[in-house]
> 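Quick one: the structure is below, and I'll ask about it shortly.
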Protein chains: 2
Amino acid sequence: MTAPERGQATILDVARLAGVSRTTVSRVLNEPERVTADTLAKVRAAADRLNFVPSAAARSLRNGRTGTIALLVGDVSQPFHGGLAKTISHEADDLGYSVMLYDLAHSETRLRRVLEKLPKQGVDAVVLATADALVEPETLQALDVLHEHGIPVLTTVDRDDARHALSLGFDYREPARAATSAMAGSGHGPVALLVGTGIGPLGRQLVAGYLDALSPGAPELVVETPYDFDGAQAAAAALLDRASVGGILAATVPMAIGAIRAAEARGLRVPDDLVVLSGEEVPLAAQVRPAITTLSAAAERNGHAIMRLLADALAGRDAPRPPLEAELVVRESFVPAR
Amino acid sequence: MTAPERGQATILDVARLAGVSRTTVSRVLNEPERVTADTLAKVRAAADRLNFVPSAAARSLRNGRTGTIALLVGDVSQPFHGGLAKTISHEADDLGYSVMLYDLAHSETRLRRVLEKLPKQGVDAVVLATADALVEPETLQALDVLHEHGIPVLTTVDRDDARHALSLGFDYREPARAATSAMAGSGHGPVALLVGTGIGPLGRQLVAGYLDALSPGAPELVVETPYDFDGAQAAAAALLDRASVGGILAATVPMAIGAIRAAEARGLRVPDDLVVLSGEEVPLAAQVRPAITTLSAAAERNGHAIMRLLADALAGRDAPRPPLEAELVVRESFVPAR
DNA sequence: TTGTAGGCGTTATCAC
DNA sequence: GTGATAACGCCTACAA
């Protein structure tokens, strides 16, 4: 009974029990083909018997990699982010990686604190899944530090503020233009845009596309609201009180729901009196009434694309950006004329 | 220019640049009070200049703890789990811990694979946030291994299947009984129960409470469905086709929404023809129409309670279970008579 | 107050 | 095909 001291059995315990050297045990773990079938069996048996599990700490100390990626997300409790987290968790698992989750609560302070502790945490890559703007110089500097440490950073939305970051190369400007234009063409009246406070990179694209679509003389109705139901509901209520609005393009599905509830509270029916469109596609959009017409990429597709990019980055390959295209998923809240 | 080789600067680089020993640098990091103000400044300056960050790998190899907790969740894209993940992420951060996220997709195979790799990943604690049943012996064995390694496991719902696991000590049986009874008393007709497939520990509590409330002769309408909107919608549709139902108690909010949509598709109005109640409280419940009346603890409260338990477990303290009480949040889908 | 030295568990290099 | 040995970066007795 070569009892391992207490707690973990180490590679040495296994070696002793199997009557071989540490090196051989290590080989069985990492290059089983370079070892005799006989010793292989012996070692495996010993490892099993001792419930041996190699120490991740020792391993990463030795070879520099941790097998971990960090997922920084604006707010996991929002449906799009939740779906993204789910997909990324699964795909990371397939790639043999684990995922560290950091919920930012849309706070740049929080983001900065996380970014600053990441190099020390030791992650192999970072996925930055937020549409929030990065304004503080310290945040950018923290990103630079990650880059210096050779840790790739991927973003789910194109952003010029995050230097060195890889992104999907997807631009919402044209989709937003087309959507705004279609809503304006539905004859309900002026179209408004609901974007997150601080207007991040995604918001800027939406605003640009929205402005592109505005016919001369049409009012510019761009409203900033917190990224959730409550914020959007309040903002939409205020908007509807002060302006005549026939269509609302909301960045997220919860924001679209908020806008719809605000409209309903004012006796407006969707889509009869007012049409509504969301910039993200999540299952929830089909589950509410009226079901929400959405635009562009779903969380799963985003997640897949990001993870492919990530796999390439981790393997040191040059990443060919998969073209992501926006499509309109027509439901009840807005049915474009055709 | 004491250039650190390439990549990371180590404690030794800092020591050299500051003209002190490694020990002193380490002390500056861990026991700053035991060091002269002068050397403290010198070392801090050097560390700053080199962008030094201590290696988490080396640290945990040395002292055995990783500063990481694993969060295993049935499906993060579901609102309750998303909210839980958010809360736990924030609280863990406050405690100085990082969170590894593992989405189980309600698959026990996945769960087992994760559990088996956890000791090797090196986490300080595990939060098991799923209501799914644990049936395979390998799963239980994997839990035992964690226990042997001294890694505490916390669950969000009381379960007798997970040996050694700490849980909140909250039982849904009585709340489920009261809710069923109230719905039955509303005079709409027989009450049905929608629970997740496989009926896990939470489901068993709901079923028990449901059965408690059934008056003699009332039909037992317990339906198992996947834990999401689609599954519940289909199950509710089938149920409504084969039985006369006046009330539905659904385990989750998405399931309740699915039931409501199925009812609507059959021309039934909620709550006029049919009342609906959900066993979990999430913001979404207030955002849909009809807004859903819910029962018992919210994700944040659960998250807080779990993290308090966790903090105690990690500190080796005996954990006093905070009493969690179920409350009814009355919205549109069911207004109890009073 | 500060420095010296040894070891945490693993893998890579080099011999045999 | 297998084994000895030296790191990886940090912490902590123990000594000075």
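These numbers were taken from a predicted model, which means no experiment stands behind them. Every chain is numbered from 1 and lettered A, B, ... according to where its sequence line falls, protein lines coming before strand lines.
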> Between B:T39 and C:dT2, is there a side-chain N or O to OP1/OP2 distance below 4.0 Å?
yes
> Counting neighbours of CD on B:E136 that are heavy atoms of other residues, nucleotides or ligands and sit closer than 6.0 Å, is the number greater than 12?
yes
> Please evaluate the base of C:dG3 for a donor-acceptor partner in the side chain of B:R27 within a cut-off of under 3.5 Å?
yes
> So, is A:R59 close to the C:dT11 phosphate, meaning a side-chain N or O under 4.0 Å from OP1 or OP2?
yes
> Could you tell me how the ring of B:H81 sits relative to the ring of B:H106: parallel (under 30°), tilted (30 to 60°) or perpendicular (over 60°)?
tilted
> Can you say whether a donor on the side chain of B:T24 sits under 3.5 Å from an acceptor on the base of C:dT1, or the other way round?
no
> What is the nucleic acid contact for B:I11, judged by heavy atoms within less than 4.0 Å: base, sugar-phosphate only, or nothing?
sugar-phosphate
> Heavy atoms, side chains only, cut-off 4.5 Å: are B:V157 and B:S167 in contact?
no
> Identify which nucleotide among D:dG9, C:dT10, D:dG3 has an atom closest to any side-chain atom of A:T23, counting heavy atoms from C-beta outward.
D:dG3
> Any base atoms under 4.0 Å from B:T36, or only sugar-phosphate, or nothing? Heavy atoms, all strands.
sugar-phosphate
> Nearest to the side chain of B:S21, heavy atoms from C-beta on, is which of C:dT10, D:dG9, C:dG3?
C:dG3
> What is the distance from NZ of A:K42 to C1' of D:dT2, rounded to the nearest Å?
11 Å
> In whole Å, what is the span from the CZ atom of B:R16 to the C1' atom of D:dG9?
13 Å
> Does a distance-only test, which skips hydrogens and angles, find a donor-acceptor pair under 3.5 Å between the side chain of A:S26 and the base of C:dA12?
no
> Calculate the interatomic distance between A:L29 atom CG and C:dA12 atom P; express it in whole Å.
12 Å
> For the pair B:T139 (side chain) and B:L134 (backbone), establish whether a donor and an acceptor sit closer than 3.5 Å, ignoring hydrogens and angles.
no
> Could you state the atom-to-atom distance from CG of A:L50 to P of C:dG9 in whole Å?
14 Å
> Rounded to the nearest Å, what distance is computed from the CD atom of residue A:E31 to the C1' atom of nucleotide C:dT11?
9 Å
> Rounding to a whole Å, what distance do you find between B:R65:CZ and D:dC11:C1'?
12 Å
> Provide, to the nearest angstrom, the distance between the CG atom belonging to A:N30 and the P atom belonging to C:dT13.
13 Å
> Please compare A:V35 and B:L12 by the position of their nearest nucleotide in DNA chain D and report the one closer to 5'.
A:V35
> Can you tell me if B:N63 touches the phosphate of C:dC8, counting only side-chain N or O atoms and a distance under 4.0 Å to OP1 or OP2?
no
> Using only modelled atom types and a 3.5 angstrom limit, is any donor from either the side chain of A:R62 or the base of D:dA7 paired with an acceptor on the other?
yes
> Strictly by modelled atom types, are A:D103 and B:H90 linked by a side-chain donor-acceptor pair under 3.5 Å?
yes
> Calculate the interatomic distance between A:R22 atom CZ and D:dT5 atom C1'; express it in whole Å.
8 Å
